[in-house]
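First comes the structure, then the notes that go with it.
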Amino acid sequence: MSKKPSKTAPRATSRAGQRKSPGSAAKRPAPPSERETSERIARALESIASQLSAASPKSSAADSLGHADAFVWHPDGRLAPVPRVSRVDIGLLKGIDRMRDILIENTERFADGLPANNALLWGARGMGKSSLVKAAHASINANRKPAERLKLIEIHREDIESLPALMDLVRSSPFHFIVFCDDLSFDGNDASYKSLKAVLEGGIEGRPENVILYATSNRRHLLAREMIENERSTAINPGEAVEEKVSLSDRFGLWLGFHRCSQDEYLAMVRGYCGHFGIKLADEELEREALEWSTTRGSRSGRVAWQFTQELAGRLGVKLSGK
């Protein structure tokens, strides 16, 4: 007796085929479209371009060193040239003759390729610490050829952690550099002083031979007194904790102290400014007004003398050109 052919077989085969088709479609993804490929290539090219762009400031900064005598360092690797430095003529800095002579001698030795010390200018506010650094730089460059001129690079206090990057940038340059940080001090748990400490002496590479560091501060040890006391009271070994932080200022070989000026020195500053800028006023009246001005300010300093000179020049209609 012959068997009847099954009517369900074709259906089963059809269903099996239907079940297989999604699986086989998953195993064989559709090739990416031409548009997707183009977008991928574009993204890759943009990534390469951004990496090359990030690397370029270093070389461009190094190439521009011959175009100016002063720069401001930016932690992204840029050295921004300063066409005209805000400075006071060195002959107008009164009452700091000894510090002036020491710093100029140290700077001149460095410019001539001889051994010289990093310098910390500390002491009273407004007594010409930063003005002396800028004036000494200009004085040394006055009679030098372009290839022998010193470069002044200012680094801001908050960018101290990027100091090693700056050292790498200028290490192989033929120029000599004064790296200058104005109003340098550290507070609280700020650990960025370690970058400065390593560059001054403690790192493996150390300070490049063509770089010297000048810093100004109102504090002799660069640290607030309460910060030192806090370290002493909370450390396991108080002596070692304080020593680590205080030793930072010891790494400056040259300490120049600036103290409050006397009344005679203050008046000499005022007379020096007035003579330089052609401000004419009877000496007795000039002295009386200058002393009254310092009394209202509660202090005598080079900064106060300059502020009085600006007031007097404005009142008498004299322009302070050449500063």
Inset, instruction - State, yes or no, whether a side-chain contact exists between V82 and V85 at a heavy-atom distance under 4.5 Å. - result: yes
Inset, instruction - Please round to the nearest 0.5 Å and tell me the distance separating atom CE of M99 and atom CG of L132. - result: 8.0 Å
Legend entry - Check: G253 main-chain N/O paired with N118 side-chain donor or acceptor under 3.5 Å: no
Inset, instruction - Determine whether I160 and L184 make a side-chain contact, defined as any pair of heavy atoms from C-beta on separated by less than 4.5 Å. - result: yes
Inset, instruction - Verify, without hydrogens or angle tests, whether Y273 (side chain) and Q307 (backbone) share a donor-acceptor contact under 3.5 angstrom. - result: no
Legend entry - Lys/Arg-Asp/Glu bridge criterion (N-O < 4.0 Å) met for R171, E209: no
Inset, instruction - Measure the spacing between CZ of R300 and OG of S262 and express it to the nearest 0.5 Å. - result: 7.0 Å
Inset, instruction - Kindly compute the distance separating CD (E285) from CG (L312), expressed to the nearest 0.5 Å. - result: 8.5 Å
Legend entry - Greater than 12 external heavy atoms within 6.0 Å of R149's CZ: yes
Inset, instruction - Would you mind reporting whether M127 and C261 have side-chain heavy atoms less than 4.5 Å apart? - result: yes
Legend entry - Backbone N/O of S172 and side chain of N210: donor-acceptor pair under 3.5 Å: no
Inset, instruction - Let me see the working for L291 and L267 under side-chain contact (heavy atoms from CB on, under 4.5 Å), right down to the final yes or no. - result: CA-CA 8 Å; L291 291 177; L267 291 173; 4.1 Å; yes
Legend entry - Minimal non-hydrogen separation, V304 against S294, with atom names: CG1-CA, 4.2 Å
Inset, instruction - Would you give the length of the straight line joining atom CD1 of I153 to atom CG of L150, rounded to the nearest 0.5 angstrom? - result: 11.0 Å
Inset, instruction - Considering non-hydrogen atoms only, spot the tightest contact between K134 and R87 and give its length. - result: O-NE, 3.3 Å
Inset, instruction - Answer yes or no for K151 and F175: cation-pi contact, defined as NZ/CZ to six-membered ring centre under 6.0 Å and angle to ring axis within 45°. - result: yes
Legend entry - Heavy atoms from other residues, nucleotides or ligands near CD of E158 exceed 12 (cutoff 6.0 Å): yes
Legend entry - A305 to M269 - nearest heavy-atom pair and separation: CB-CB, 3.8 Å
Inset, instruction - State plainly whether the residues E311 and R315 are in salt-bridge range, i.e. N to O under 4.0 Å. - result: yes
Inset, instruction - Check whether the side chains of Y214 and N106 place a donor and an acceptor atom closer than 3.5 Å, and report yes or no. - result: yes
Inset, instruction - Check L92 against G272 and note the closest heavy-atom contact, atom names and distance. - result: CD2-O, 3.5 Å
Legend entry - Check: L120 and S217 side chains under 4.5 Å, non-hydrogen atoms: yes
Inset, instruction - Sequence neighbours left out, what pairs pass ring pair (Phe, Tyr, Trp, His ring centres under 6.0 Å) with at least one residue falling in residues 91-110? - result: F110-H176
Legend entry - Evaluation steps, side-chain contact (heavy atoms from CB on, under 4.5 Å), between L166 and D159: CA-CA 10 Å; L166 174 57; D159 299 330; over 6 Å; no
Legend entry - Side-chain touch W73/L163, heavy atoms, less than 4.5 angstrom: no
Legend entry - Side-chain heavy atoms of R125 within contact of S301, under 4.5 Å: no
Legend entry - 4.5 Å side-chain heavy-atom contact, L256 and F258: yes
Inset, instruction - Calculate, to the nearest 0.5 Å, the distance between atoms NZ and CZ belonging to K94 and R100 respectively. - result: 8.0 Å
Inset, instruction - For R303, check salt bridge (Lys or Arg N to Asp or Glu O under 4.0 Å) against everything at least two apart and list the hits. - result: none
Inset, instruction - Ignoring hydrogens and angles, state whether a donor on the side chain of T216 or W122 is under 3.5 Å from an acceptor on the partner side chain. - result: no
Inset, instruction - Without swapping roles, check the side chain of R144 against the backbone of I140 for a donor-acceptor pair under 3.5 Å. - result: yes
Inset, instruction - Taking all heavy atoms of S130 and all of D182, pick out the closest pair and write down the distance. - result: CB-OD1, 3.6 Å
Inset, instruction - Tell me, with the steps shown, if V72 and H156 meet side-chain contact (heavy atoms from CB on, under 4.5 Å). - result: CA-CA 8 Å; V72 174; H156 295 139; 3.8 Å; yes
Inset, instruction - For D112 and L114, indicate whether the former's side chain and the latter's backbone hold a donor-acceptor pair under 3.5 Å. - result: no
Inset, instruction - Please say whether more than 12 non-hydrogen atoms of neighbouring residues, nucleotides or ligands are located less than 6.0 Å from CG in D101. - result: yes
Legend entry - Any V179 side-chain heavy atom under 4.5 Å of M167 side chain: yes
Legend entry - Ion pair check, D183 and K129, cut-off under 4.0 Å: no
Legend entry - Worked check of side-chain contact (heavy atoms from CB on, under 4.5 Å) between F308 and L286: CA-CA 10 Å; F308 169 71; L286 178 66; 3.8 Å; yes
Inset, instruction - Have a look at I212 and tell me which of L254, I178, N117 forms a side chain to side chain contact (heavy atoms under 4.5 Å, CB included) with it. - result: I178
Legend entry - Nearest heavy-atom neighbours spanning S173 and L65: OG-CD1, 3.7 Å
Legend entry - Point-to-point distance, once rounded to the nearest 0.5 Å, from CG of N141 to CG of D69: 5.0 Å
